[in-house]
Amino acid sequence: MKATACGSKKSVFEIVADEKALLKLLHDLDQIIDSDTDSIRLYRLPADGFNHVQTLGTAQIQPHHGDLVL
């Protein structure tokens with residue numbers, strides 16, 4: 001895994017939100033992070049991304065009703 005991973009993960013949060021909620025969340029996060037030391041990355045899934053979820057171990061596929069994940 002170390003040969004292919006970038007190793008940046010500290011905490012990962014999965015968020016499903018509409019555009020309005022996402023913009024509010026990003027605004028709120030921008031107000032509380034330390035921009036000199038904190039790093040937040042947003043990865044948007046393609047429209048059919050929830051149809052291609054793979055899990056390992058105890059992970060279970062969660063029901064999703066939107067197309068944005070943070």
Side-chain angles (χ1 to χ4, degrees):
M1 185 67 123
K2 288 183 180 180
T4 58
C6 62
S8 63
K9 180 192 150 299
K10 304 269 183 184
S11 297
V12 174
F13 299 93
E14 179 179 335
I15 307 288
V16 178
D18 61 22
E19 194 69 27
K20 182 178 178 181
L22 177 63
L23 291 174
K24 181 179 181 341
L25 175 62
L26 291 174
H27 176 267
D28 292 348
L29 288 171
D30 191 46
Q31 301 301 304
I32 61 173
I33 68 168
D34 180 340
S35 60
D36 294 326
T37 58
D38 294 330
S39 172
I40 294 178
R41 297 179 185 155
L42 174 73
Y43 299 95
R44 292 184 184 223
L45 293 178
D48 68 342
F50 291 128
N51 296 327
H52 305 285
V53 174
Q54 294 179 291
T55 63
L56 297 172
T58 61
Q60 295 181 5
I61 295 175
Q62 300 299 313
H64 297 291
H65 304 291
D67 61 355
L68 299 175
V69 175
L70 175 65

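All values below come from the heavy atoms of this structure, side chains included, with hydrogens, waters and symmetry mates left out. The first residue in the sequence is number 1, and the count goes up from there. This structure is a prediction, so every number in the text was calculated from the model and none was measured.
The CG atom of D28 sits 11.0 Å away from the CG atom of L23 when rounded to the nearest 0.5 Å. The distance from the CG atom of L29 to the NZ atom of K24 is 10.0 Å, given to the nearest 0.5 Å. The CG atom of L56 sits 10.0 Å away from the OG1 atom of T58 when rounded to the nearest 0.5 Å. Distance check: L25 CG to I40 CD1 gives 8.0 Å after rounding to the nearest 0.5 Å.
Proximity of a side-chain donor or acceptor of D30 to a complementary backbone N or O of L26 within less than 3.5 Å is not detected.
More than 12 heavy atoms of other residues, nucleotides or ligands shown are found within 6.0 angstrom of NE2 on H52.
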